[in-house]
2 protein chains.
Amino acid sequence: MAENTAADASTAATPATATPGSPSHPSDPPRPDLAAMVVPLGRTLMAAEQPILDAHGLTMWGYVVLLHLDEKPIRTQAALAEAVRADKTRIIPVLDDLEARGLLRRQPDPEDRRARLLSLTAEGRHLRDATQAAIQEGEEHLLARLPAADREGFLRGLRTLHDLSGQP
Amino acid sequence: MAENTAADASTAATPATATPGSPSHPSDPPRPDLAAMVVPLGRTLMAAEQPILDAHGLTMWGYVVLLHLDEKPIRTQAALAEAVRADKTRIIPVLDDLEARGLLRRQPDPEDRRARLLSLTAEGRHLRDATQAAIQEGEEHLLARLPAADREGFLRGLRTLHDLSGQP
DNA sequence: TATTGTTATACTCTATAACTATA
DNA sequence: TATAGTTATAGAGTATAACAATA
């Protein structure tokens, strides 16, 4: 049996999360590692997105590309790849597919024919909007289960940390 | 919904081309998708953990296993695998390594010799504590950049959503 | 020569299937 | 027969390296 020596519980008593059936009593400050909460939550969110993406005929990478292209037209595929934190070779099949379906244009830059000017078509923008609306509707469903007070701080904190993780 | 910085204008710039459908949703979402913030943040946190794990001689899976074993002794490897959301075959090399280094014990259950009783050794618990202390210290550094008000709500909201994602 | 995009290859991670041992 | 654990194999996803086009 485990010897739960109380001595070693200095700052690091471990959380007993995820044991279904027993609501946690977080009366004590010990918290799980951030990554141990953020990463599984991210997986859950992605799993929740998947059926919506399927219904809209988009892969996750395709959706990510549409999102980043809509913000502002991008001049090179390498820049797009960096923006979505992907390898430049990884998005090529994605662009091939989106272009073939008329969701984006990939035109050689007249001023530097090596580069490809990337822009969304009207169809691409429409699909992006519809997909994002559905996704965020699902997310609102989840956020609704947060106390109103926490919800504000959670969203602001998440946004801040996300923005920070760009430039450390 | 607070008005935000001008940087948000890029994400909010959704021309939408007079989508005539249903403007009954004036909830044009000026926020990124949750997954689009949570997943990259998770990757950043993992990347920040990596050097600490290296310094302590642990892989990420090894650390995860130590964390979950410390909570309470687990009776079967399959249960452990499910707890850490991994395939049962995926953690076997991890357990092999941790056992060989004396960080955990893997004893056949006398009552059912098919099962392996998993328990942490004192060394395993000590390494776990030291590693987690270092990781959370790094995380505190990041959390310190949040406004105090947001920080509380962020941590509570994150914890709530993480707990929710266990049982949908 | 350097850079953009592309293709081909190799590597990493993960899951599936088959095997051993206990029950 | 069924279950826990293990091993071997195959698959998906990703990155690395070599190539063609343009500058």
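A, B, ... follow the sequence lines: proteins, then strands. Residue 1 opens every chain.
Distance, A/E82 CD to D/dA15 P: 13 Å, rounded to whole Å. Rounded to an integer number of Å, the gap from B/Q107 CD to D/dA4 P is 19 Å. We find that CZ of A/R116 is positioned 13 Å from C1' of D/dA23, with the value rounded to whole Å. Atom P of nucleotide C/dT12 and atom CE of B/M60 are separated by 15 Å, given to the nearest angstrom. In this structure, the CG atom of B/D109 is 11 Å from the C1' atom of D/dA4, given to the nearest Å. Between B/L118 atom CG and D/dA4 atom P there is a gap of 13 Å when expressed in whole angstrom units. Protein atom CD of A/E111 is 19 Å distant from nucleotide atom P of C/dT3, rounded to whole Å. In this structure, the CG atom of A/L117 is 13 Å from the C1' atom of C/dG5, given to the nearest Å.
Applying the 3.5 Å distance criterion, the base of C/dT3 shares a donor-acceptor pair with the side chain of A/R114.
Put simply, A/R106 has a side-chain N or O that comes within less than 4.0 Å of OP1 or OP2 on C/dT6. Taking 4.0 angstrom as the limit, A/R90 places a side-chain polar atom (N or O) nearer than this to OP1 or OP2 of D/dA15. For B/W61 and C/dC13, the shortest distance from a side-chain N or O to OP1 or OP2 is not below 4.0 Å.
Of the candidates A/R116, A/E82, A/R106, A/R106 is the only one forming a side chain to side chain donor-acceptor pair (under 3.5 Å) with A/Q77.
Ranked by how close their nearest DNA chain D nucleotide is to the 5' end, B/R75 and A/T89 are led by B/R75.
Side-chain contact between B/T44 and A/L161: absent, with no pair of heavy atoms (C-beta onward) separated by less than 4.5 Å. No side-chain heavy atom of B/T160 sits under 4.5 Å from any side-chain heavy atom of A/F154.
Of the candidates D/dG5, C/dA15, D/dT7, C/dA15 carries the atom nearest the B/D87 side chain, counting heavy atoms from C-beta on. With D/dA23, C/dT4, D/dG5 as the choices, the nucleotide that has an atom nearest any side-chain atom of A/T76 turns out to be C/dT4. Counting only heavy atoms from C-beta on, B/K88 has its side chain closest to D/dG5 among C/dA23, D/dG5, C/dG5. Residue A/D112 has its side chain nearest to D/dA23 when only C/dT16, D/dG5, D/dA23 are considered.
Residue A/P32 comes nearest to A/M37 through the heavy atom pair O-CE, 3.8 Å, listed as atom of the first residue, atom of the second, then distance.
For B/R31 and A/E139, the salt-bridge test passes: some basic side-chain N is under 4.0 Å from an acidic carboxylate O.
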